[in-house]
Amino acid sequence: QVQLVESGGGLVQAGDSLRLSCLASGGTFNNYAMGWFRQAPGKEREFVAAISAIGFSNSYADSVKGRVIISRDNAKNTLYLQMNSLKPEDTAVYYCAASSGVVVTAMSHAFMYWGQGTQVTVSS
């Protein structure tokens, strides 16, 4: 059983940057592709970014491409999401998730383990 704990969310202004972290425990971190998803109030959860198990491949949603970078440090069992040029529409709860496989995927049903989420609020 993998446990995931996100951190790094907060209240920022439009144009600011944030780095989210996700610390994993209870499993072999480099066996899992990882991803970030987000859910805004009144909206469905959506894919943000994903990275392969060893970090050589990644994928981004069109809405964040060019503004965010997903990375991982397998020695520290930690996943990151660097978010730059934040916009009010990025306001959401951000979730870290671990996939059942090693390759990059954007499909939420492929992710077995989920964190509790961290709130990101971007004011205009």
Taking V2 as the starting point, is it possible to reach I70 by hopping between hydrophobic residues whose side chains are less than 4.5 Å apart?
yes
Applying side-chain contact (heavy atoms from CB on, under 4.5 Å), can you list everything that pairs with A106, at least two apart in sequence or on another chain?
F47
Qualifying salt bridge (charged side-chain N to carboxylate O under 4.0 Å, His left out) pairs with a residue from residues 6-27, counting only residues at least two apart or across chains:
none
Roughly how far, to the nearest 0.5 Å, is the CD1 atom of I51 from the OG1 atom of T105?
14.0 Å
Roughly how far, to the nearest 0.5 Å, is the OG atom of S63 from the CG atom of D90?
7.5 Å
Roughly how far, to the nearest 0.5 Å, is CD of Q82 from CG of L18?
8.0 Å
Could you list the residues that satisfy side-chain contact (heavy atoms from CB on, under 4.5 Å) with S85, not counting sequence neighbours?
R67
Set of side chain to side chain donor-acceptor pair (under 3.5 Å) partners for E46, sequence neighbours left out:
R38
First locate atom CG of L20, then atom OG1 of T78, and finally report the distance between them rounded to the nearest 0.5 Å.
13.0 Å
Show every salt bridge (charged side-chain N to carboxylate O under 4.0 Å, His left out) that has at least one partner inside residues 112-124, sequence neighbours left out.
none
Main-chain N/O of V12 paired with S123 side-chain donor or acceptor, under 3.5 Å
yes
Strictly by salt bridge (charged side-chain N to carboxylate O under 4.0 Å, His left out), give each pair with a member in residues 93-122 just once, sequence neighbours left out.
none
May I have the list of side-chain donor-acceptor pairs in residues 27-34 shorter than 3.5 Å, sequence neighbours left out?
none

Taking only residues two or more places apart in sequence, or in another chain, which ones meet T121 in a side chain to side chain donor-acceptor pair (under 3.5 Å)?
Q119
Could you pull out the closest heavy-atom pair between R72 and A53, with the gap in Å?
CZ-O, 3.1 Å
For the pair S52 (side chain) and V104 (backbone), establish whether a donor and an acceptor sit closer than 3.5 Å, ignoring hydrogens and angles.
no
Sequence neighbours left out, what passes side-chain contact (heavy atoms from CB on, under 4.5 Å) with A97? Give chain and number order.
F37, F111, W114
When rounded to the nearest 0.5 angstrom, what is the spacing between OG in S99 and CE in M112?
7.0 Å
Please report the shortest heavy-atom distance between L79 and C96, naming the atom on each side.
CD2-SG, 3.9 Å
According to ring pair (Phe, Tyr, Trp, His ring centres under 6.0 Å), does anything in residues 66-103 pair up with another residue at least two apart or in another chain? List the pairs.
none
Heavy-atom count around Q39 CD within 6.0 Å, excluding the residue itself: above 12?
yes
Looking at every heavy atom in both A24 and L4, which two are closest together, and how far apart are they?
CB-CD2, 3.6 Å
Which heavy-atom pair separates Y60 from A49 by the least distance, and what is that distance?
CD2-CB, 3.6 Å
Show which residues join V102 in its hydrophobic cluster (side-chain heavy-atom contacts under 4.5 Å, direct or indirect), or state none.
V103
Interatomic distance, Q3 atom CD to C22 atom SG [nearest 0.5 angstrom]:
11.0 Å
Those residues that, when tested against E89, pass side-chain contact (heavy atoms from CB on, under 4.5 Å) (two or more places apart)
K87
Are V64 and I69 grouped together when hydrophobic residues (ILVMFWY) are joined by side-chain heavy atoms under 4.5 angstrom apart?
yes
